[in-house]
Protein chains: 2
Amino acid sequence: MDSKTKNRPQTLPDGGRPTLKTIAFMTGLGITTVSRALKDAPDIGAETKERVRLVAKQIGYQPNRAGVRLRTGKTNVISLVLTLEEEIMGITSPMVVGITEILAGTPYHLVVTPYSAVKDALAPIRYILDTGAADGVIISRTEPHDPRVALLTERGLPFVTHGRTEMGIVHPYHDFDNERFAYEAVRKLVARGRRRLVLLEPPPHLTFYSHMRAGFERGLRDFQADAIGFHQTNIDHSLVEIRDAFEVLMRSEDAPDGIISGSGSGAIALIAGLEMAKKKLGEDCDMVSKSPSDFLRWLRPEVMTMYEDIRVAGRELAKAVIGHIDGQPPETLQSLSQPEFQPPITRGLRA
Amino acid sequence: MDSKTKNRPQTLPDGGRPTLKTIAFMTGLGITTVSRALKDAPDIGAETKERVRLVAKQIGYQPNRAGVRLRTGKTNVISLVLTLEEEIMGITSPMVVGITEILAGTPYHLVVTPYSAVKDALAPIRYILDTGAADGVIISRTEPHDPRVALLTERGLPFVTHGRTEMGIVHPYHDFDNERFAYEAVRKLVARGRRRLVLLEPPPHLTFYSHMRAGFERGLRDFQADAIGFHQTNIDHSLVEIRDAFEVLMRSEDAPDGIISGSGSGAIALIAGLEMAKKKLGEDCDMVSKSPSDFLRWLRPEVMTMYEDIRVAGRELAKAVIGHIDGQPPETLQSLSQPEFQPPITRGLRA
DNA sequence: CTTCAAATCTGTAACGATACAGTTGCGATG
DNA sequence: CATCGCAACTGTATCGTTACAGATTTGAAG
């Protein structure tokens, strides 16, 4: 055995799974060389790289994640941080699908990290930071001064928010244009002759509360309509609470004739309240609602809906975190999706 | 330096994160001792264990997952395998919530592993097996002879199915009792005087297809009703397809007077088809539907719904995989959730 | 006094990958 | 014909943890 090959691997790994050692053994190269060849390092010969790549592919080599993670700290994990009390109609589902669609083409895995909103929204972030559990984080329910954004920025962990902040930190985000949603909703209702408008708003601590309100108020000014106050409930309340509060409003002198619902499930409760007050949608009242799914269009075609495509949001968010991890500047990783009214469900035969 | 302490760690790990080395340094013990103390090994003194535990807790020690995984192969990961084309109304969302509720009290993380049903449902399973990506797997859309179950069993990777199989393999599962659902649905419809019943069924290749059909047919026999054939579509088809096919049926001589819908979103389409045929729900027709969410009850209270609690299913599935990983016998990890009719939404004030 | 066993504790090697600091061979340079 | 630089390759140490095979101490038995 000449000196050049004296420390070459003599044995193969026990388990069936190929490692760098397997490839080293098969090619007659050193483990280091194989590692560097697979990374396309400049100090490895072109032909050698080719050989290594070929063998790696043949035997279906996949780097051991634990090995990489232990040595380099790179987890290849994106963490989706969710509250357990997530929206009734399940915004999570299409979101997860959207994210995984993007991650499928990458080495990243999606880990769902839940927290109880009732407790501490920072807890999961701290956990991820302290344990180095992920290379990137996706958070939602963003607040104007969001401590999670502050913490993640300070500690330099790439992230993206579903929703914007107002704290002078430039960071990746994806958001639905709620300002424009409310504005267009007002326009639509006024066009139908409605002038006494009510808004079922997001909870005030979330950023998109002010966006939606701003759009609402701008619309009222531009199209000359009036706001009917309805701050007793918001889209985070239970359907029963929303319904009951709205019934009271609809029975009062102050009853609105146009309704804007900031959420699809909220719309259900509003409709129920309205009907309990013996009013009829489409006659006494018109309604515009945001809707992440199709059921309103099918069951209450009278409601005019603007579709919020959560699946696309998931895709955008995933692309943005990865971009952030790859070092792209945050300002290039921001996107806003524009609301559009949905056409009614087609009657008649169509696939 | 006496011989007893000569190889004690002299330096602390660079990063802020505490490791076994940190604790060893602080307690003056060896790394091995600390490791074994934290595992409550029998050859470590009681007082030593106490000290180690105390220090570990104080400094917030958490084992490095990559280290454990590399050494032991234990990933502490549960993989939820989903099709990207998952149910329209998003069954995924409450399921993920249910699973994470259980995992929160364990060292396990939830990784979502998607696949395109259009392609190969085995692909993600192979990936997990080949790369050792998880300690346990949760699969859904189970088939009577499910190749995924065969493969996982053969390779000895713990798993649980959402739905049962019929291949003579005893394995953990959680299922909704679809046989009973259909049976009780028939009973209810017959009690309302309906005798010409139609079933919107699951796709035939899934196991619960035959369960639901069996319950349906047993109900027809026991309560003396007749089946109206409707196999043109199933709950996997698009809402438009279902609606159009059902409209045709409702306009025909053969129009049913009772409808059983195997899915909540399917019910929406059936209602639309029925209305397009100028029939009225509650008058010409009654309907019983499975429903994983609340919207039907709110928007179409005429529909009698049986609630399928996906969140609870998620919890059961999580408990079952973990049980399987922990070596509990599969036959003790099987559960069936019993359908119950939901009460109507309460009218009047209630939280 | 040995000798031995039990009770505690410990070092080494290994899991798979990579950063880093070499080593080797070879043609060009002075 | 030394010397140098360069291209191509390699060994060692390390990340944090645990399995395994010792090592040390203590006290009781012979």
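First the proteins, then the strands, lettered A, B, ... as listed; each starts at 1.
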Q: Is A/Lys39 close enough to C/dT18 that one of its side-chain N or O atoms is under 4.0 Å from OP1 or OP2 there?
A: yes

Q: For the pair made of CZ in B/Arg17 and P in D/dT17, what is the distance, rounded to whole Å?
A: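 Atom-to-atom, B/Arg17 to D/dT17, this comes out as 7 Å.
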
Q: Over how many whole Å does the gap from A/Lys74 atom NZ to C/dT18 atom C1' extend?
A: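 Going from NZ in A/Lys74 over to C1' in C/dT18 covers 15 Å.
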
Q: Would you tell me whether A/His171 and A/Thr165 have side-chain atoms, one donor and one acceptor, within less than 3.5 Å of each other?
A: yes

Q: Pair A/Asp309, A/Arg311 - check salt bridge (Lys or Arg N to Asp or Glu O under 4.0 Å), show working.
A: CA-CA 5 Å; A/Asp309 193 331; A/Arg311 183 163 173 170; over 6 Å; no

Q: Take the C1' atoms of the five end pairs on each side of the helix from C/dC1-D/dG30 to C/dG30-D/dC1, get both axes, and report the angle to 10 degrees.
A: 80°

Q: I want to confirm an ordering. Mapping A/Leu20 and A/Arg36 to their closest nucleotides on DNA chain C, which one lands closer to the 5' end?
A: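 Its nucleotide being nearer the 5' end, the pick is A/Leu20.
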
Q: Taking NZ from A/Lys49 and P from D/dC9, how many angstroms apart are they, rounded to a whole number?
A: 10 Å

Q: Given the structure, check if the side chain of B/Thr32 and the base of C/dG11 hold any donor-acceptor pair shorter than 3.5 Å.
A: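 Counting by modelled atom types and ignoring angles, a donor-acceptor contact under 3.5 Å is found here.
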
Q: Expressed in angstrom and rounded to an integer, what is the separation of B/Arg69 atom CZ from C/dC15 atom C1'?
A: 12 Å

Q: Ignoring backbone atoms, establish whether B/Thr48 has a side-chain N or O less than 4.0 Å from OP1 or OP2 of C/dC9.
A: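 Yes, B/Thr48 has a side-chain N/O under 4.0 Å of OP1/OP2 on C/dC9.
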
Q: How close or far is atom C1' of C/dC9 from atom CD of B/Glu47, stated in whole angstroms?
A: 14 Å

Q: Taking atom CD of A/Glu331 as the centre, does the number of heavy atoms from other residues, nucleotides or ligands within less than 6.0 Å exceed 12?
A: yes

Q: Could you give the CZ-to-P distance, from B/Arg65 to C/dG16, as a whole number of Å?
A: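 Those two atoms, CZ and P, are 19 Å apart.
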
Q: Would you indicate whether the side-chain heavy atoms of B/Val149 and B/Thr153 approach each other to under 4.5 Å?
A: yes

Q: Tell me: NZ of B/Lys21 to P of D/dG16, nearest whole Å?
A: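 Distance check: B/Lys21 NZ to D/dG16 P gives 7 Å.
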
Q: Looking only at side chains, do B/Thr75 and B/Asp135 share a donor and an acceptor under 3.5 Å apart?
A: yes

Q: Base, sugar-phosphate, or nothing: which does B/Thr33 touch, judged by heavy atoms less than 4.0 Å apart?
A: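 If one applies the 4.0 Å heavy-atom cut-off, B/Thr33 turns out to touch a base.
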
Q: For a 4.5 angstrom cut-off between non-hydrogen side-chain atoms, does B/Leu80 reach B/Thr113?
A: no

Q: Are any non-hydrogen side-chain atoms of A/Ile23 and A/Gln58 less than 4.5 angstrom apart?
A: no

Q: Does the pair B/Asp43/B/Arg36 count as a salt bridge with the N-to-O cut at 4.0 Å?
A: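 Yes, this pair counts.
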
Q: Kindly state which residues belonging to residues 51-63 of chain B come within less than 4.0 angstrom of DNA chain D, counting heavy atoms of the residue only, listed by number.
A: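 Within this stretch, B/Tyr61, B/Pro63 sit under 4.0 Å of the strand.
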
Q: When you look at B/Asp120 and B/Arg148, which way does the salt bridge (Lys or Arg N to Asp or Glu O under 4.0 Å) test go after all the steps?
A: CA-CA 11 Å; B/Asp120 189 1; B/Arg148 298 168 301 172; over 6 Å; no

Q: Indicate, with a heavy-atom threshold strictly under 4.0 Å, whether A/Asp43 touches base, sugar-phosphate, or nothing.
A: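 If one applies the 4.0 Å heavy-atom cut-off, A/Asp43 turns out to touch a base.
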
Q: Has B/Ser35 got a side-chain N or O lying under 4.0 Å from the OP1 or OP2 atom of D/dT17?
A: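 So the side chain of B/Ser35 is outside the cut-off, no N or O lying under 4.0 Å from OP1 or OP2 of D/dT17.
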
Q: Below 4.0 angstrom, N of the basic side chain to O of the carboxylate: do B/Lys49 and B/Asp40 qualify?
A: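 Answer for the salt bridge query: yes.
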
Q: So does B/Arg71 reach the base of D/dT17 with its side chain, donor to acceptor, closer than 3.5 Å?
A: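 In this structure, the two groups form no donor-acceptor pair.
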
Q: Could you tell me the separation between the CG atom of B/Leu70 and the C1' atom of C/dA14, rounded to a whole number of Å?
A: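 Value for this atom pair: 9 Å.
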
